[in-house]
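Scroll down for the structure; my scribbles are underneath it.
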Amino acid sequence: MFNFEIKKTVGKARKGVLKTPHGEIKTPAFVPVATRGALKGLSFEDCSVLGSSIFMINTFHFYCRKEYETVERAGGLHDFLGIEYPLMTDSGGFQVFSLGAGRDQKTGKILSDAVIKNEGKRKGNVQIKEEGVLFRSPFDGSKVEITPEKSIEAQRKLGADLIFAFDECTSPLASYNYQKESLQRTHLWAERSLEAFKDEKKQAMFGIVQGGKFPDLREEGARFISSLPFFGFGIGGSFGESYGDSKKNMYSILELLSKNLPPEKPRHLLGIGEPEDVVESVFRGMDLFDCVIPTRFARHGTALTSKGRINITGAAYKEDSSPLDKSCSCQVCLGYKRSYLHHLARKKEIYGIILLSHHNLFFMLNLMEEIREAIENDNLKDLKRDFINKYRENN
RNA sequence: GCGGCCGUAGCUUAAUGGUAAAGCACUCGGUUGUGGUCCGAGAGCAUGCGGGUUCGAGUCCCGUCGGUCGCC
């Protein structure tokens with residue numbers, strides 16, 4: 001029922017097809033995120049027309065109040081949502097960080113230059129032990145425990161095609177010693193996740209490589225996780241401190257990982273990223289990406305364009321009658337002026353979010369299509385150079 | 001007409017008689033396994049007007065204009 005076939009490789013980059021019970025995914029692929037079972041501002045059908053063949057849903061958001069039980073009674077995510085597209089769920093490990101320690105430290109997966117401070121120690125409402133994690137729900141403040149067994153149970157009940165092992169996502173601030181200790185825990189949890197998953201035939205599981213910003217720990221993570229019988233691999237966590245360092249470090253770590261992961265299995269770079277990150281990462285052997293950037297940026301008034309991102313709420317666009325991106329062929333760029341999008345974003349009209357989400361998702365999905373063509377035509381290097389030069393023009 | 005209360009930044013409000021602040025709005029930046037959130041920085045020609053008391057008035061006094069509430 002599950003299969004990953006690589007059709008062509010150019011350097012480290014790969015073009016392939018991932019088969020699931022609900023359909024095929026052409027890789028490299030971008031996976032839009034529908035956290036609570038909805039892409040904010042677009043229907044699954046709309047997004048499918050734009051070129052998406054798979055969606056990511058968050059276990060964590062269905063976990064805190066046991067809504068995965070409701071979904072199970074409805075027949076699983078596909079029946080509950082009324083769609084037949086391939087789906088994946090993450091394990092909830094990231095939210096323990098992003099809604100727990102990350103929120104305490106006012107940082108995300110990638111640290112902004114302004115908030116480098118303190119130690120990488122966890123504080124506040126999250127307790128991490130060998131058994132699992134205990135923390136307060138960001139939704140209602142109640143105590144919630146997640147263990148590998150519980151995450152996998154929830155993911156089996158949700159019933160997405162592709163699921164992830166439960167891991168610990170560390171802060172960009174984590175020390176070497178903490179990261180090393182955490183990595184051992186993630187490995188233990190990987191084994192327990194597989195144990196809780198055994199005999200499952202309708203789903204396939206990805207293991208997660210952690211190790212933070214430390215190359216030797218990343219290498220160790222890749223070796224250990226690939227020794228286990230996972231269908232594919234997720235690469236998670238953070239890669240460095242400052243914004244620029246984080247990007248460069250991520251690229252060099254991906255180079256390292258592509259040498260240490262078995263080539264025949266799919267690789268999903270979790271939570272990345274910006275268009276340039278995706279291009280650079282495909283170049284270094286990644287097959288799948290999920291990221292909130294197209295939709296979250298849309299809600300914040302930011303549009304992805306071939307010349308970099310622009311924030312349409314800026315005063316400069318108030319009377320700008322040009323399209324968002326002259327070289328984009330999406331319906332929004334063909335039909336609407338920047339001035340109108342500026343107006344909608346300023347007034348926080350829902351329609352503004354819809355239009356920007358449409359454009360941003362088109363932009364990412366179209367980029368993936370171009371990447372696949374470039375691999376097919378042996379000119380990924382040219383695409384990478386041209387795309388990134390142009391993308392950085394205005395930024 | 002009489003009486004009370006109120007006039008501070010574009011808006012809503014602070015400020016024992018002692019350097020006139022804050023939030024929103026505005027300008028710019030940030031957000032990478034989703035909180036339409038949040039954070040950071042910036043720009044603001046503000047005490048209705050005219051007098052008086054005082055070393056010093058947004059603040060106290062007089063007048064005036066505007067608003068608001070109450071009463072014939």
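Note that these values count all heavy atoms, side chains included, but never hydrogens, waters or copies made by symmetry. Below, read A as the first sequence line, B as the second, and so on, with proteins coming before strands; counting in each chain starts at 1.
- The closest donor-acceptor contact from the side chain of Asp287(A) to the backbone of Arg267(A) lies under 3.5 Å.
- Note: NE2 (His342(A)) to C1' (U27(B)) measures 12 Å, nearest angstrom.
- Within the 4.0 angstrom heavy-atom criterion, no nucleotide atom of any strand lies near Thr302(A).
- Closest contact between the side chain of Arg299(A) and the listed nucleotides G36(B), G33(B), U27(B) involves G36(B).
- Nucleotides G35(B) and A22(B) place their P atoms 31 Å apart, quoted to the nearest Å.
- Counting to the nearest Å, the P atom of U31(B) and the CZ atom of Phe97(A) are 15 Å from each other.
- The gap from the P atom of U16(B) to that of G10(B) amounts to 23 Å, rounded to the nearest Å.
- Put simply, CD1 on Ile293(A) is 7 Å from P on G33(B), counting in whole angstrom units.
- Across the P atoms, A15(B) and C72(B) are found 35 Å apart, a figure rounded to whole Å.
- Between the C1' atom of G33(B) and the CZ atom of Phe289(A) lies a distance of 13 Å, rounded to the nearest Å.
- In summary, Asp378(A) and Lys8(A) engage in a salt bridge, as defined by a charged side-chain N under 4.0 Å from a carboxylate O.
- Counting non-hydrogen atoms under 4.0 angstrom, Leu269(A) reaches nothing in the nucleic acid.
- Rounded to whole angstrom, the span from the OH atom of Tyr317(A) across to the P atom of C28(B) amounts to 9 Å.
- Here the side chain of Ser151(A) pairs a donor or acceptor atom with the backbone of Ser91(A) at under 3.5 angstrom.
- A donor-acceptor pair under 3.5 Å is formed between the side chain of Arg338(A) and the backbone N or O of Leu324(A).
- Heavy atoms of His268(A) sit nowhere under 4.0 angstrom from any nucleic acid atom.
- Side-chain atoms of Asp167(A) and base atoms of G33(B) include a donor and an acceptor less than 3.5 Å apart.
- Each of Gly236(A) and Thr313(A) lies near RNA chain B, and the nucleotide nearest Thr313(A) is the one positioned closer to the 5' end.
- Contacts of Gly41(A) with the nucleic acid, taken as non-hydrogen atoms under 4.0 Å apart, are absent.
- Scanning atom types as modelled, one donor and one acceptor separated by under 3.5 angstrom connect the side chain of Gln210(A) and the base of G33(B).
- The side chain of Ile350(A) has G36(B) as its nearest neighbour among G36(B), G33(B), U32(B).
- Side-chain nitrogen and oxygen atoms of Lys348(A) include none within less than 4.0 Å of the OP1 or OP2 phosphate oxygen of G36(B).
- For the pair Glu280(A) CD and U32(B) P, the computed distance is 19 Å after rounding to whole Å.
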Worksheet item: Which dot-bracket string describes RNA chain B (Watson-Crick N1-N3 plus N6-O4 or O6-N4, or G-U N1-O2 and O6-N3, all under 3.5 Å; [ ] crossing; | other strand)?
Response: (((((((..((((....[..)))).(((((.......))))).....(((((..]....)))))))))))).

Fill in: salt bridge (Lys or Arg N to Asp or Glu O under 4.0 Å) between Glu276(A) and Lys247(A), worked out
CA-CA 10 Å; Glu276(A) 56 177 340; Lys247(A) 278 181 185 286; 3.6 Å; yes

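- Between U37(B), U32(B), G33(B), one nucleotide has an atom nearer to the side chain of Val292(A) than all others, and that is G33(B).
- Both Gly314(A) and Met56(A) sit near RNA chain B, but only Gly314(A) has its closest nucleotide nearer the 5' end.
- In this structure, Ile310(A) atom CD1 and C28(B) atom P are separated by 12 Å, rounded to whole Å.
- Using atom C1' as the reference point in both G30(B) and C69(B), the two lie 49 Å apart (nearest Å).
- The pair Lys12(A)-Glu255(A) meets the salt-bridge criterion, since a charged nitrogen lies less than 4.0 angstrom from a carboxylate oxygen.
- On the C1' atoms, A9(B) is 5 Å away from A46(B), given to the nearest whole Å.
- Across the protein-nucleic acid pair, Phe139(A) atom CZ and U37(B) atom P stand 17 Å apart, rounded to whole Å.
- Here, C39(B) and G18(B) have their C1' atoms 36 Å apart, quoted to the whole Å.
- Phosphate proximity of C26(B) to Arg346(A): present, with a side-chain N or O under 4.0 Å from OP1 or OP2.
- Among the nucleotides G33(B), G30(B), G36(B), the one closest to the side chain of Arg309(A) is G30(B).
- Phe166(A) is linked by a ring-ring contact (aromatic ring centres under 6.0 Å, His included) to Trp189(A), counting only residues two or more places apart in sequence or in another chain.
- Ser238(A) places no side-chain N or O within donor-acceptor distance of the main-chain N or O of Gly240(A), the cut-off being under 3.5 Å.
- Checking U32(B), G33(B), G35(B) against the side-chain heavy atoms of Lys247(A) singles out U32(B) as nearest.
- Remark: His61(A) is in phosphate contact with G35(B), judged by side-chain N or O atoms under 4.0 Å from OP1 or OP2.
- Between the side chain of Asn366(A) and the backbone N or O of Phe362(A) there is no donor-acceptor pair closer than 3.5 Å.
- Across U59(B) and G48(B), the matching P atoms stand 8 Å from one another, rounded to whole Å.
- Nucleotides A25(B) and U31(B) are separated by 22 Å at their C1' atoms, to the nearest Å.
- Where stacking is scored as ring centres under 5.5 Å apart with planes under 30°, His300(A) registers as stacked on the base of U37(B).
- The six-membered or imidazole ring of Phe164(A) lies away from that of Phe60(A), with a centre-to-centre distance of 6.0 Å or more.
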